[in-house]
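Letters A, B, ... are given to chains in the order of the sequence lines, protein chains preceding strands, and every chain is numbered from 1. Computed from heavy atoms alone, side chains included, the values below leave out hydrogens, waters and symmetry copies.
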Amino acid sequence: MCGRYALFAPPDELAERFSVPVPETSPTYNAAPSQHLPIVPDDAEEIRLARWGLTPEWADEERDLINARAETIEEKPSFRDARRCLVPANGFYEWVEADGGKRPYYVTRRDGDPFAMAGLRTRWEPPTKQTGLDSFSGGGPDSEEPAAIETFAVVTTEPNEVVEKLHHRMAVILSREHEREWLSGEPFSLAPAEELRTYPVSTAVNSPGNDSPELVREAADV
DNA sequence: CCAGACGTTGTT
DNA sequence: GTCTGG
DNA sequence: CCAGACGTTGTT
DNA sequence: GTCTGG
């Protein structure tokens, strides 16, 4: 699956790679759920920030659907009305159980290029709170109308021959030539497994607070 | 009819 | 919003 | 995904 | 053990 990833390609590289304008974004080697991260929406030629953890439009409180099974996204009420998006990444992490503990592994492209994970997105508007006092203040600066937010989930599928050594699910890494098809509502096309590699990394990545290039450096295997 | 759920992963 | 369970 | 918190009263 | 925060 995918519960943590890295996106450290600089904005100009992302702009070139996805042929869209990119806002000033900071690189991250440890992107975690609930953070606001760059996505390419299906309906806008630009990269925007969205909260990782999809909330269905009809939900009355924030949800944290960080993954969506590709096999059932057309059926599940939480996903079937969601729009599509690309989730740019340089790689993602998988944790493998070993010796009663867990070792993190990094999955990335052999050529080092960023890629797109298949994503679903929604625009979620928090329910408007009824304070009762706002009617007197005339909706002044004190009336807190929470703004709508973009949210997204990463689509998962069965692992290819590289990731199956680590896990029985994996994030959908789109074939570069078929990214537009995913955005158009068609089925995904996976990038060939031969283009990927995986290696163990430091357990420093476990702590969501850690964020440095060291996290994607290969560590000695156990 | 209304109330309540609506997901994934991994683990049991 | 839509479906399922009671 | 993993790490870290997990409480109350009263006071500042 | 379970929930929240990142």
Side-chain angles (χ1 to χ4, degrees), chain A residues 1-8 25-39 49-85 87-108 117-128 146 148-160 163-173 188 198-212 214-216 219 222:
Chain A
M1 60 156 332
C2 181
R4 213 77 77 75
Y5 66 92
L7 177 63
F8 49 82
T25 57
S26 4
T28 176
Y29 296 85
N30 205 351
S34 82
Q35 294 177 349
H36 285 72
L37 299 158
I39 64 166
L49 294 183
R51 182 181 186 276
W52 187 10
L54 181 145
T55 299
E57 292 189 25
W58 40 259
D60 47 17
E61 57 186 15
E62 214 164 48
R63 300 290 306 283
D64 285 297
L65 308 178
I66 67 172
N67 292 120
R69 290 178 66 93
E71 296 89 333
T72 53
I73 54 175
E74 302 299 334
E75 313 157 11
K76 297 293 186 181
S78 292
F79 298 128
R80 64 186 170 198
D81 297 322
R83 303 192 63 115
R84 293 189 172 184
C85 68
V87 183
N90 284 90
F92 58 81
Y93 301 97
E94 292 284 0
W95 277 262
V96 178
E97 300 221 32
D99 308 322
K102 285 188 172 184
R103 266 312 285 285
Y105 285 73
Y106 186 58
V107 180
T108 189
M117 299 187 285
L120 297 177
R121 54 171 275 263
T122 64
R123 181 179 176 280
W124 179 69
E125 194 161 356
T128 50
I149 61 169
E150 292 278 336
T151 75
F152 75 95
V154 173
V155 176
T156 65
T157 187
E158 296 186 336
N160 63 23
V163 179
E164 73 182 357
K165 297 180 177 66
L166 309 176
H167 215 63
H168 65 103
R169 301 292 296 173
M170 78 167 188
V172 171
I173 300 176
F188 65 78
T198 183
Y199 53 83
V201 292
S202 162
T203 53
V205 74
N206 291 14
S207 261
N210 292 335
D211 183 9
S212 86
E214 293 174 27
L215 300 185
V216 298
V222 190

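- Judged as a side chain to side chain contact (heavy atoms under 4.5 Å, CB included), and not counting sequence neighbours, the contacts of A:T72 are A:R69, A:E75, A:K76.
- In this structure, the nucleotide among B:dG7, D:dC1, D:dC2 sitting nearest to the side chain of A:R63 is B:dG7.
- A heavy atom lying under 4.0 Å from DNA chain B marks the following residues of residues 54-62 of chain A, by number: A:W58.
- In this structure, CD1 of A:I73 is placed 10 Å from P of B:dT8, rounded to the nearest angstrom.
- Residues satisfying the side chain to side chain contact (heavy atoms under 4.5 Å, CB included) test with A:A68, not counting sequence neighbours, are A:I73, A:F79, A:L120.
- Between the side chain of A:W52 and the backbone N or O of A:I66, at least one donor-acceptor pair lies under 3.5 Å.
- Rounded to a whole Å, the CD atom of A:E158 is 11 Å from the P atom of B:dT9.
- Residue contacts for A:A153: at a heavy-atom cut-off of 4.0 Å it reaches no nucleic acid atom on any strand shown.
- Evaluation of the side-chain hydrogen bond (donor to acceptor under 3.5 Å, both in side chains) rule for A:T55 yields no partner, not counting sequence neighbours.
- The side-chain hydrogen bond (donor to acceptor under 3.5 Å, both in side chains) check on A:E125 picks up nothing, with sequence neighbours excluded.
- A gap of 9 Å separates the P atoms of D:dC1 and B:dT11, to the nearest Å.
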Less than 3.5 Å apart, which donor and acceptor atoms pair up between the side chains of residues 56-63 of chain A and the rest of the protein, not counting sequence neighbours?
none

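- Side-chain proximity of A:P33 to D:dC1, D:dC2, B:dT9: nearest is D:dC1.
- When rounded to the nearest whole Å, the span between CZ of A:R169 and C1' of B:dG7 equals 12 Å.
- Computed from coordinates, the A:L65 CG to D:dC1 P distance equals 13 Å when rounded to whole Å.
- The separation between A:E97 atom CD and D:dC1 atom P is 10 Å, rounded to whole Å.
- Across residues 75-82 of chain A, A:P77, A:R80 each have a non-hydrogen atom less than 4.0 Å from an atom of DNA chain C (numbered order).
- Under the Watson-Crick or G-U wobble criterion, with both distances below 3.5 Å, D:dC6 is paired with E:dG1.
- Atom CG in A:D64 sits roughly 14 Å away from atom C1' in D:dC2 (whole-Å rounding).
- Whole-Å rounding puts the A:K102 NZ to D:dC1 P distance at 6 Å.
- At B:dT8, none of the side-chain N or O atoms of A:R69 fall inside 4.0 Å of OP1 or OP2 (strictly under the cut-off).
- Across D:dG7 and E:dC3, the matching C1' atoms stand 15 Å from one another, rounded to whole Å.
- A:I173 is linked by a side chain to side chain contact (heavy atoms under 4.5 Å, CB included) to A:F92, A:F115, A:A191, A:L196, counting only residues two or more places apart in sequence or in another chain.
- The same atom, C1', is picked in E:dG6 and in B:dC6; the two are 26 Å apart, to the nearest Å.
- For A:K102, the side chain to side chain contact (heavy atoms under 4.5 Å, CB included) partners at least two apart in sequence or on another chain are A:W95, A:E97.
- The shortest distance between the side-chain N/O atoms of A:N206 and the OP1/OP2 oxygens of D:dA3 is below 4.0 Å.
- Taking the side-chain hydrogen bond (donor to acceptor under 3.5 Å, both in side chains) definition, one finds that A:N210 meets it with nothing, sequence neighbours left out.
- Residues A:L7 and A:P27 fail the side-chain proximity criterion, which asks for heavy atoms closer than 4.5 Å.
- Between A:M117 and A:V155 there is no side-chain heavy-atom pair separated by less than 4.5 Å.
- Remark: A:R80 engages no residue in a side-chain hydrogen bond (donor to acceptor under 3.5 Å, both in side chains) (not counting sequence neighbours).
- Nucleotides of DNA chain C with any atom under 4.0 Å from a heavy atom of chain A span, from 5' to 3', C:dG1 to C:dT2.
- Side-chain N/O atoms of A:T156 include one lying less than 4.0 angstrom from OP1 or OP2 on B:dT9.
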